[in-house]
Amino acid sequence: MMNSTNMNFYINRLLEVQTNFLFFSFAQIVLVVVGIIKIPLYTHLFQPSEIGQYSWAVAFISYIDIIFLGWVNSTLWRFVYTIKKTDSFLSLVAHIMPIFLIVSVIAISITFIFLNLAILDPIIKRLIFIGFFSILSQQILAIIFFYFHAYKQFKKWSIIIIFQQICTLILFLILHLFFNFGIFSIFLSSLLLNTSIILTFLLRYFSLLKAVIKKIKISFKGTYFKYSSLSIIISLCLLILNNGDRFLIFHLKNENDLGLYSQYYGLASVGFFSAVQAFNTYFGPNYNSALIKSDSSPTNLSVVELYILIFTPFVIFLIINNETLISFLFNKNFYGYNSVFIWALIGFYVYGIYNLLEVRMKFLNQINKVMSALIFISLLNIVANYIFLSVFEFKISSTISFLSYLILLLIAIGNNYTFIKELKLKKVILGIIIASGIYYLLHLFLVQNLVSFSTLGYLTISTILALLIYYFVLYKIFFQLLNSIDMK
């Protein structure tokens, strides 16, 4: 029998998990809601050409970010599960920080040289200037967020995220509406908020900062450096797949087309990919730590099955309601390119499954296979975009991106075939088919009989209907999978 001490421990642990989950879920909801609010704001406050200029700047800065800065977070996530004590964690940060500072200086230098020699458009030049420091502040903030994640302090992380998202949105509106900063308000609001959070954290946790400084020594430790180098190449290839088409659309079409494409692609990113990131953020630590113990643990299998159970209905719902959703969120200047949203949506879904398999391969020291596949697919993506954009409308790029992710997934399945065979997906797929069939039939009824409803009213009813149907059909499978995941 379980004694009272063990019972109290179990109850307290359960309450802790539930509290963390509630805070985490609320923070992720805020992330998605704020992201969705920004889409109609941008389409009403800015012209497609302005969005195109902003998207070009974002694309350029993203490459600087990945090459010089983005490796830090992936390296920390990779090695934190092989250490146990806080002191070891601080040593890991201390090893990485000098390299981070050095490459940050290099990144700043290269960005300024590029601005002076290659960029002629003064608006894009200023956007890149402000955007670079915004991205740099975001990477520093990511290290802070990593600290809270690594030690499962989801409550603190959630509070900071909620504060950051809401205040950034408010500051953006103030800068744009009252100080006329225009398109620059997007980057500037993020930079100011991130900087204030970083300074507050450093003052609040000054003892941690001093402990890291004492341990700092410039050492390109072989394991970290090798993994970081390969991680940069992998991230760069993924970035090419995600936004390499932006440069080609800008070059072969125009900034107006780029603005239209970016908004539809951004809607898929905010509406769906943000939810995928939330899933990975919450279950990622458990998935990663289980890989340390076993390459085919029940936790890993259940996480993949749970992803398919949650996000397949999500994709189906968004595809069925895409016209209504776009007409509700977008300004009329942006209408007419729904296929970009649909193919981007399906592409993100496929990438989510691939990402779980990619993480598994990295932990099993198959990073060279990951890198080789990504290099091949990213080059294929660039060539295909260049050829087809010369002939077809810019919409074709979203289809090419989807096909690129699909080929990547098929390669990953081949490299994880034994693991894939252990997945138990029959009940999951059957449940999704039944629930989706019921929802689609009722959706057709709604379309025919609720024509007098407003767009918001229709979306609300359709969403509630989908939640109820999918919940009652799939809830048993959902909780079975959730309970089989080791949340310790």
Side-chain angles (χ1 to χ4, degrees), residues 31 34-35 38 42 50-77 96-97 99-116 118-119 121 123-147 160-161 164-165 167-169 171-172 175 181-199 201-202 228 231-244 246-247 250 258 262 265-266 269-270 273-274 277 281:
L31 269 171
V34 170
K38 286 179 180 178
Y42 291 173
E50 291 178 293
I51 297 294
Q53 291 171 324
Y54 169 74
S55 300
W56 198 99
V58 169
F60 171 78
I61 295 165
S62 297
Y63 285 92
I64 294 292
D65 178 37
I66 289 296
I67 295 170
F68 294 101
L69 308 173
W71 59 270
V72 174
N73 211 35
S74 62
T75 303
L76 288 172
W77 275 114
I96 291 174
M97 286 310 296
I99 308 173
F100 176 72
L101 293 173
I102 291 169
V103 296
S104 295
V105 173
I106 296 172
I108 292 170
S109 303
I110 290 175
T111 302
F112 278 89
I113 291 170
F114 186 81
L115 286 177
N116 289 318
I119 301 295
D121 189 319
I123 294 177
I124 293 179
K125 186 177 288 190
R126 277 181 282 171
L127 279 169
I128 291 175
F129 178 82
I130 301 170
F132 173 83
F133 289 102
S134 174
I135 292 292
L136 181 61
S137 68
Q138 190 62 43
Q139 283 296 345
I140 297 171
L141 198 59
I143 298 173
I144 294 172
F145 288 156
F146 169 81
Y147 171 80
I160 296 173
I161 283 289
Q164 180 200 30
Q165 293 298 311
C167 290
T168 299
L169 179 61
L171 187 55
F172 160 73
L175 291 173
F181 276 96
I183 196 72
F184 305 106
S185 305
I186 301 175
F187 280 137
L188 197 55
S189 58
S190 177
L191 173 60
L192 293 173
L193 249 298
N194 290 348
T195 303
S196 65
I197 294 172
I198 291 166
L199 292 175
F201 177 85
L202 292 178
S228 301
S231 180
I232 289 171
I233 296 172
I234 290 171
S235 298
L236 186 60
C237 291
L238 286 171
L239 187 60
I240 290 171
L241 288 176
N242 189 44
N243 73 7
R246 309 295 199 280
F247 292 105
F250 187 85
L258 177 57
S262 297
Y265 210 89
S269 177
V270 170
F273 193 57
S274 295
Q277 288 178 312
T281 302

Listed partners of Ile160 passing side chain to side chain contact (heavy atoms under 4.5 Å, CB included), at least two apart = Phe145, Phe148, Ile197
Yes or no on ring pair (Phe, Tyr, Trp, His ring centres under 6.0 Å) for Phe184 and Phe172, after CA distance, side-chain angles and deciding distance?
-> CA-CA 9 Å; Phe184 305 106; Phe172 160 73; over 10 Å; no
Residues passing the side chain to side chain contact (heavy atoms under 4.5 Å, CB included) test with Leu171, sequence neighbours excluded, are Leu175, Ser189, Leu192, Leu193
How long is the gap from CZ on Phe132 to OG1 on Thr111, to the nearest 0.5 Å?
-> 4.5 Å
When the ring centroid of Phe129 is compared with that of Phe112, is the distance short of 6.0 Å?
-> yes
Go through the structure and list residues passing side chain to side chain contact (heavy atoms under 4.5 Å, CB included) with Leu258, not counting sequence neighbours.
-> Ser55, Trp56, Arg246, Ile249, Phe250, Ser262
Say you draw a straight line from CD of Glu50 to CD1 of Ile183; how long is it, rounded to the nearest 0.5 Å?
-> 5.5 Å
Roughly how far, to the nearest 0.5 Å, is CD1 of Ile106 from CD1 of Ile110?
-> 7.0 Å
Euclidean distance, Leu136 CG relative to Leu141 CG, rounded to 0.5 Å | 11.5 Å
For Asn194, the side chain to side chain donor-acceptor pair (under 3.5 Å) test, sequence neighbours excluded, returns Ser137, Gln138, Gln164, Ser190
Once you round to the nearest 0.5 Å, how far does CD1 of Ile186 lie from CG of Leu169?
-> 11.0 Å
Rounded to the nearest 0.5 Å, how far apart are CG of Leu241 and CG of Asn243?
-> 9.5 Å
Test side chain to side chain contact (heavy atoms under 4.5 Å, CB included) applied to Val58 - qualifying residues, sequence neighbours left out | Tyr54, Ser62, Phe187
Would one find more than 12 heavy atoms of other residues, nucleotides or ligands at under 6.0 Å from atom CZ of Phe133?
-> yes
